[in-house]
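To keep things clear, I will list the structure first and then write my remarks on it.
Position 1 is the first residue of the sequence; numbering continues from there.
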Amino acid sequence: MSKNTADSQSSVVSQSATDVSASHAPQAATAGPAAEEFVWKRKHLLGLEDLSAEEILHILRTAESFQEVSTRSIKKVPALRGRVVVNLFFEDSTRTRMSFTLAAQRLSADVLEFSAKASSVSKGESLRDTVRNIEAMGVDTFVIRHPAGGAPHHITQCTDCHVINAGDGQHEHPTQGLIDIFTIRERKGRIDGLNVVIVGDIAHSRVARSSFWGLNRLGAKVTFCGPSTLVPRTFEQFGAKVTYDLDAALKEADVVNMLRIQRERMTSQVFPSTEEYVRLFGLTRERMKRAKPDLLVLHPGPINRGVELASDVADGPQSSILRQVSNGLAIRMAALFLLNQVG
Ligand code: CP
């Protein structure tokens, strides 16, 4: 594998993803150093809170160069040939797990799939022992989803492998945050100065946190909206706005990111009824008439149709929900590729 220099990083992308020159790549929406001037140094991707604007932009640029691979008849490049990626999932997933698997396969890595339910965790094995035993088989990268916030940070202390956080409790889901930012930039041409409203169960959402950190770092104005029981005011101190009035928030919004109510993480009832929630915070076609005509609608999935958003909105012309899923592949190829350049 190439050593960690800007030249080696860009040359592997060029060789493997067909040379996507700056003139052919989508314009970077926010100014930053050119790809060849930036050296990626992080061994792990644990969250967006600690990433600089330059680091986020470098991942986005790398993902742009990998998008072309998915348009080929043979959708594979040799960038991670001989490397092993382990999907270490302690919680259910459709999009994240399959997309990391496919991303690793498109980079020619071998992939091991671990599901806690079908593993020796059920016999009492600890997270540390699980990781150390899998590492002993000669693997390179752990992609971990875990119900406990901080689990990915914990395993960086038990392994020499790269670690990617694929969602830890209510803490962060950095690749989903990057997907949201990538999709917004693709559709709107910029991030800086946009009004992004994130609606729903903010309290339990790792996606809301990662999206906020990334968008905030790139200059977007983020508003959190939902029932007061699900929208903590904590983020006001970092520059977010908080409102409980969706119609007012939508009037100013360029982008709305609708989130699922995470009943599995709740210990008590936090709003009177689903009907009341839909009336106040559901995104319907009627409600969208009061928003800007080019409002972009996002949702990280899985969707509860008829709750946080109506089916005709989810499937409508302003929705980029399936585009988010497609973009997830390029973002995860970029994350796997960049980390694996670092010793
Ligand atoms: N957006 C997301 O994380 O979806 P999954 O839970 O299906 O992976």
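- Centroid-to-centroid, the aromatic rings of H153 and H171 come within less than 6.0 Å.
- For E55 (side chain) and S52 (main-chain N/O), a donor-acceptor pair under 3.5 Å exists by modelled atom type.
- Side chain of T71 to backbone of E68: a donor-acceptor contact under 3.5 angstrom is found.
- Looking only at distances, a side-chain donor or acceptor of R217 sits under 3.5 Å from a matching main-chain atom of E49.
- A donor-acceptor pair under 3.5 Å is formed between the side chain of N133 and the backbone N or O of D129.
- Pairs of residues two or more places apart, or lying in two chains, that qualify as ring pair (Phe, Tyr, Trp, His ring centres under 6.0 Å) and include a residue from residues 68-94 are F90-F114, F90-H146.
- With no hydrogens or angles considered, a side-chain donor-acceptor pair links E172 and S210 at under 3.5 Å.
- Just one of D180, D294, D254 meets the salt bridge (charged side-chain N to carboxylate O under 4.0 Å, His left out) condition when paired with K188; it is D294.
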Steps toward side-chain hydrogen bond (donor to acceptor under 3.5 Å, both in side chains) verdict (T96, R145) = CA-CA 9 Å; T96 310; R145 170 168 288 193; 3.0 Å; yes

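- S205 and R260 are not linked by any side-chain donor-acceptor pair at a separation below 3.5 angstrom, with hydrogens and angles left out of the test.
- Taking 4.5 Å as the limit, every side-chain heavy atom of V143 sits out of range of all side-chain heavy atoms of T175.
- Between the side chain of Q237 and the backbone N or O of T234 there is at least one donor-acceptor pair closer than 3.5 Å.
- The main-chain N or O of I74 is never found under 3.5 Å from a side-chain atom of R72 such that the two would form a donor-acceptor pair.
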| task | Step by step, work out the salt bridge (charged side-chain N to carboxylate O under 4.0 Å, His left out) result for D315 and R305. | result | CA-CA 10 Å; D315 302 331; R305 287 174 183 265; 2.9 Å; yes

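- Inspection of the T101 and N87 side chains reveals an N or O donor paired with an N or O acceptor under 3.5 Å.
- A distance below 6.0 Å separates the ring centres of F235 and W213.
- Neither side chain, R323 nor T183, offers a donor N or O lying under 3.5 Å from an acceptor on the other.
- Aromatic ring orientation, F212 versus F224: tilted (interplanar angle from 30° to 60°).
- Summarising the geometry, atom CG belonging to L88 is positioned 10.5 Å from atom CD belonging to E113; distances are rounded to the nearest 0.5 Å.
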